[in-house]
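These notes are about the structure you will find just below.
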Amino acid sequence: LVWLTFYKVPQDFPRMPRASWPSRCGIAPQLLCVWLSAFLLAQKACYVNSCTTIGVTAKASSDGSTMVTHTADCAQCDSRVAYIPARDWPAGTKRPIYKAKLDYPREISNRSETYRPVGGQQTPIPSGYIPEVEHTFGYWEAIYGYLNEHGLGLGETTSAANFPVSRTNLTALFWIRPLTQVVMERCRTARCAVDTMGSLAETYGFYGEDPGASGAGECLILADGREVWVFEITGDPTGKSAFWAAARVQDGHVVASANNFVIREINCDDTENFRCSTDLLARAQKAGVWDGKGAFDWMGVMAPDIRAFSYTPGYAPIPMYTTARLWRLFSRVSPSSGVMLTDNQYALPFSVHADAPLTHRQLMDLYRDHYEGTKIDLTLGPLAGPFGSPNRMEGGLGLKVLGGQFARSLSLPRTSYALVIQSFIEKHAGALDKMWFASDAPASSVFVPFYTNVSGFSSSYRIGQMAEYDDRSAWWVFDFVANWMDLNYRLMSIDVKAKIATLQDLIDEHREPMEATASKLLASGQTRQALERLADFQTDLQERVVDTWRKFGHFLIMKYNDGHLNYPTVAAQIGYPGWWLQTFNVDSNIRPKWGQPSATAPSFFELYGPGPFEHMLPQVNMAASAVYNGVSAPLAWVSAAGVWGIAVQYVAV
């Protein structure tokens with residue numbers, strides 16, 4: 001725009017050779033244009049760790065467990081799993097708290113074998129300390145503390161909030177990771193976790209995981225086998241304390257959060273269903289974000305309106321980045337609730353009643369969703385490429401200039417891992433608390449169990465980093481297949497989904513008798529024997545899954561090599577789907593052509609389906625097709641085909 005303001009286009013511009021532009025334009029406009037382009041390109045998208053978390057109450061689950069989930073949708077995060085053993089501490093011990101760090105190595109310490117220093121790594125200097133308690137519980141963690149020995153579990157999502165705390169001269173001690181670690185070490189219940197985190201944040205100060213308003217808040221969903229609570233927190237104007245609130249989820253309901261606060265009207269006097277930071281209403285009024293009138297709407301007061309808020313600085317608002325995920329989750333677990341797709345976060349419910357009890361496998365599948373079969377199906381349209389990839393590349397100058405957006409699914413290329421946590425209040429046979437963990441994107445990964453109180457697990461889940469390929473690492477093994485699928489997602493996803501189902505069935509088939517045996521041993525007081533057997537079982541199972549997936553990846557390399565289908569026979573041609581070629585008006589002219597925007601699919605898509613391996617009707621006269629720029633109007637012979645137009649579909653191997 002600046003360049004066009006100062007530069008007068010020559011009258012013969014349309015006919016002017018590009019080589020003559022510099023001599024005709026002069027050097028100043030060129031330099032200005034170069035500067036402007038460089039400035040825009042430098043404004044890279046800084047996606048905060050935009051995760052998705054779900055909570056399922058005991059009466060909404062098929063086996064009476066509470067379940068909570070999490071995806072670590074973080075492009076640079078350290079995806080290693082760590083077990084933190086229980087410990088006793090001498091009186092006067094201080095617990096260190098470290099500054100925010102999520103990339104590898106997220107921690108260097110002696111707390112876990114995962115974190116032991118290698119290659120000259122040095123333990124960082126803590127930001128500060130808090131008094132340690134006499135005894136801390138054992139728990140599983142990755143980026144956050146997730147599940148402790150008493151069945152307290154949680155999921156996380158970073159949320160936009162109105163009180164970002166500056167990192168310059170930072171005085172606040174806590175961010176969300178150490179808060180989750182401390183409650184795993186000290187709490188048995190979700191209520192204890194809510195109160196403990198709130199008290200620590202108010203006393204020592206809280207700052208967001210990511211700089212700026214986009215990462216200033218946090219939402220945790222906590223479950224303990226009996227209850228599910230939502231805990232939301234942000235900094236305060238002083239930078240030395242915190243605002244927070246928590247709400248209990250009604251039994252029989254499912255709750256979800258996706259990068260925005262979800263708690264609405266709260267009653268701080270009703271401590272059975274709500275918890276609040278000290279003098280919340282008075283402090284909010286003093287901070288100028290609440291007028292003191294009517295009910296206190298936590299989301300309305302503490303979070304920006306995402307319809308007008310730029311989640312990524314320099315880019316247009318993308319409200320459906322949040323609302324589409326919530327709509328999809330609620331519409332799948334509770335179709336009767338009638339939740340509609342909207343860009344208005346205030347129109348969505350806090351939770352919905354589950355139409356039918358949910359299993360752990362159903363929750364896993366929710367995280368493999370790309371809106372398939374809906375009006376925002378990511379496997380359809382030109383952005384999905386010829387073979388229906390649901391993966392979209394984020395950032396870039398184009399989105400900044402156009403101010404556009406596309407649907408954001410639950411499974412992303414940048415997902416570091418996903419997990420489902422089950423906690424049981426009644427430890428009947430086989431009811432063992434566990435964390436199901438899937439490395440990389442859940443759409444192309446397998447969830448394996450990690451049991452509470454069991455420290456032994458496969459080394460493939462404790463090694464690996466994103467800056468160095470290592471096929472011993474579970475993350476790299478699953479990440480490779482996820483990336484390879486983009487060569488031909490539509491066909492390869494058939495192989496991948498079948499392999500996932502086979503392995504998940506195999507895991508359930510083997511774990512059920514093992515869990516029943518372990519439960520009997522625990523009930524009879526043979527705790528050591530039970531835990532040893534569970535450790536051996538989960539280690540062997542995890543290694544078998546990773547080894548199987550590694551070999552499966554090698555098979556996919558062969559099967560789809562060089563753009564052919566090489567199994568069961570070699571070099572079977574696949575070709576581009578007809579609709580894709582039609583979109584770009586492929587004909588005898590071999591010069592590049594460009595598709596034009598259209599609100600309707602090409603006629604070949606309607607007639608032959610998404611492909612590949614379409615079948616041609618023998619009576620179709622191709623000369624009847626009038627195509628302009630690859631997008632054709634409805635053709636007379638299509639409607640004349642009648643039922644054939646519906647029946648003709650592709651056959652995928």
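Here, residue 1 is the first one in the sequence, and each next residue gets the next number.
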* In sequence, state the C-alpha distance, the side-chain angles, and the governing distance for His253 and Phe350, and then conclude on ring-ring contact (aromatic ring centres under 6.0 Å, His included). => CA-CA 10 Å; His253 277 231; Phe350 170 69; 8.7 Å; no
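- Ring-plane geometry between Trp298 and Phe261 is classed as tilted, the angle between the planes lying from 30 to 60 degrees on a 0 to 90 degree scale.
- A salt bridge is defined here as a Lys NZ or Arg NE, NH1 or NH2 lying under 4.0 Å from an Asp or Glu carboxylate O, and Asp547 with Arg544 fails to meet this definition.
- Classification of Arg408 and Asp73 as a salt-bridged pair holds, one side-chain N sitting under 4.0 Å from a carboxylate O.
- Between the side chains of Ser409 and Tyr371, no donor-acceptor pair is found at a separation under 3.5 Å.
- Phe457 has its ring centre no less than 6.0 Å from the ring centre of Tyr83.
- Looking at residues two or more places apart in sequence or on another chain, you find a ring-ring contact (aromatic ring centres under 6.0 Å, His included) between Trp436 and His360.
- Note on Arg188 versus Asp224: no salt bridge recorded, every NZ/NE/NH1/NH2 to OD/OE distance being 4.0 Å or above.
- Ring geometry for Phe552 against Phe555 counts as parallel: the plane angle stays under 30°, on a 0 to 90° scale with 60° as the upper cut.
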* Asked: When you look at Glu218 and Arg177, which way does the salt bridge (charged side-chain N to carboxylate O under 4.0 Å, His left out) test go after all the steps?
  -> CA-CA 10 Å; Glu218 287 287 346; Arg177 181 170 189 255; over 6 Å; no
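- Between Arg361 and Asp505, at least one side-chain N (NZ, or NE/NH1/NH2) sits under 4.0 Å from a carboxylate O, which counts as a salt bridge.
- Within the 3.5 Å criterion, the main-chain N or O of Gly151 finds a donor-acceptor partner in the side chain of Ser423.
- Using modelled atom types, one finds no donor on one side chain facing an acceptor on the other under 3.5 Å when comparing Tyr461 with Ser439.
- Here Arg533 does not pair with Asp536 in a salt bridge; the nearest charged N to carboxylate O distance is not below 4.0 Å.
- When only modelled atom types and interatomic distance are considered, Asp63 and Ser65 share a side-chain donor-acceptor pair under 3.5 Å.
- Side-chain contact between Ser389 and Thr379 is absent, with no heavy atoms from C-beta onward closer than 4.5 Å.
- No donor-acceptor distance shorter than 3.5 angstrom exists from the side chain of Arg328 to the backbone of His370, with no hydrogens or angles considered.
- Taking all atoms of both residues into account, the shortest heavy-atom contact from Ala223 to Val228 is CB-CG2, 3.9 Å.
- The ring-ring contact (aromatic ring centres under 6.0 Å, His included) check on Phe478 picks up Trp549, with sequence neighbours excluded.
- Looking at Leu220 and Ile176, their side chains come closer than 4.5 Å, going by heavy atoms from C-beta outward.
- Considering only residues two or more places apart in sequence or on other chains, Ser460 meets the side-chain contact (heavy atoms from CB on, under 4.5 Å) condition with Ser458, Ala474, Val546.
- Under 3.5 Å, the side chains of Gln529 and Thr527 contain no donor-acceptor pair of N or O atoms.
- Between Cys187 and Cys192, the sulfur-to-sulfur (SG-SG) separation falls under 2.5 Å.
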* Could you walk me through whether Asp433 and Thr452 pass the side chain to side chain donor-acceptor pair (under 3.5 Å) test, one step at a time? => CA-CA 6 Å; Asp433 301 334; Thr452 56; 4.7 Å; no
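- Using modelled atom types, no side-chain atom of Ser334 and backbone atom of Phe330 make a donor-acceptor pair closer than 3.5 Å.
- Taking the six-membered ring for Trp and thresholds of 30 and 60 degrees, Tyr451 and Phe537 have ring planes inclined between 30 and 60 degrees apart.
- In this structure a side-chain-to-backbone donor-acceptor pair under 3.5 Å is missing from Asp369 to Asp365.
- Side-chain contact check for Gln345 and Thr323: no donor-acceptor pair (N or O, by modelled atom type) lies under 3.5 Å.
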* Asked: Please walk me through it: do Asn273 and Asn267 pass side chain to side chain donor-acceptor pair (under 3.5 Å)?
  -> CA-CA 8 Å; Asn273 295 295; Asn267 178 2; over 6 Å; no
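- Here OG1 of Thr322 is found 5.0 Å from CG of Asn260. Values are rounded to the nearest 0.5 Å.
- Heavy-atom neighbours of Glu272 CD from other residues, nucleotides or ligands within 6.0 Å: above the threshold of 12.
- For Gln362 (side chain) and Thr359 (main-chain N/O), a donor-acceptor pair under 3.5 Å exists by modelled atom type.
- Across Thr69, Leu329, Thr415, a single residue satisfies side-chain contact (heavy atoms from CB on, under 4.5 Å) together with Leu410, and that is Leu329.
- A donor-acceptor pair is defined here as one N or O able to donate and one able to accept, closer than 3.5 Å; such a pair exists between the side chain of Asp377 and the backbone of Gly373.
- When ring centroids are compared, Phe206 and Trp244 stay outside the 6.0 Å threshold.
- With respect to the salt-bridge test (charged N to carboxylate O, under 4.0 angstrom), the residues Arg264 and Asp297 qualify.
- Using bins of under 30°, 30° to 60° and over 60° for the plane-to-plane angle, the ring pair Phe480/Trp484 lands in the parallel bin.
- Judged by distance alone, the side chains of Glu141 and Tyr146 never bring a donor and an acceptor atom under 3.5 Å apart.
- Stacking of Arg325 on the aromatic ring of Tyr321 is recorded, both the 6.0 Å distance cut-off and the 45° axial limit being met.
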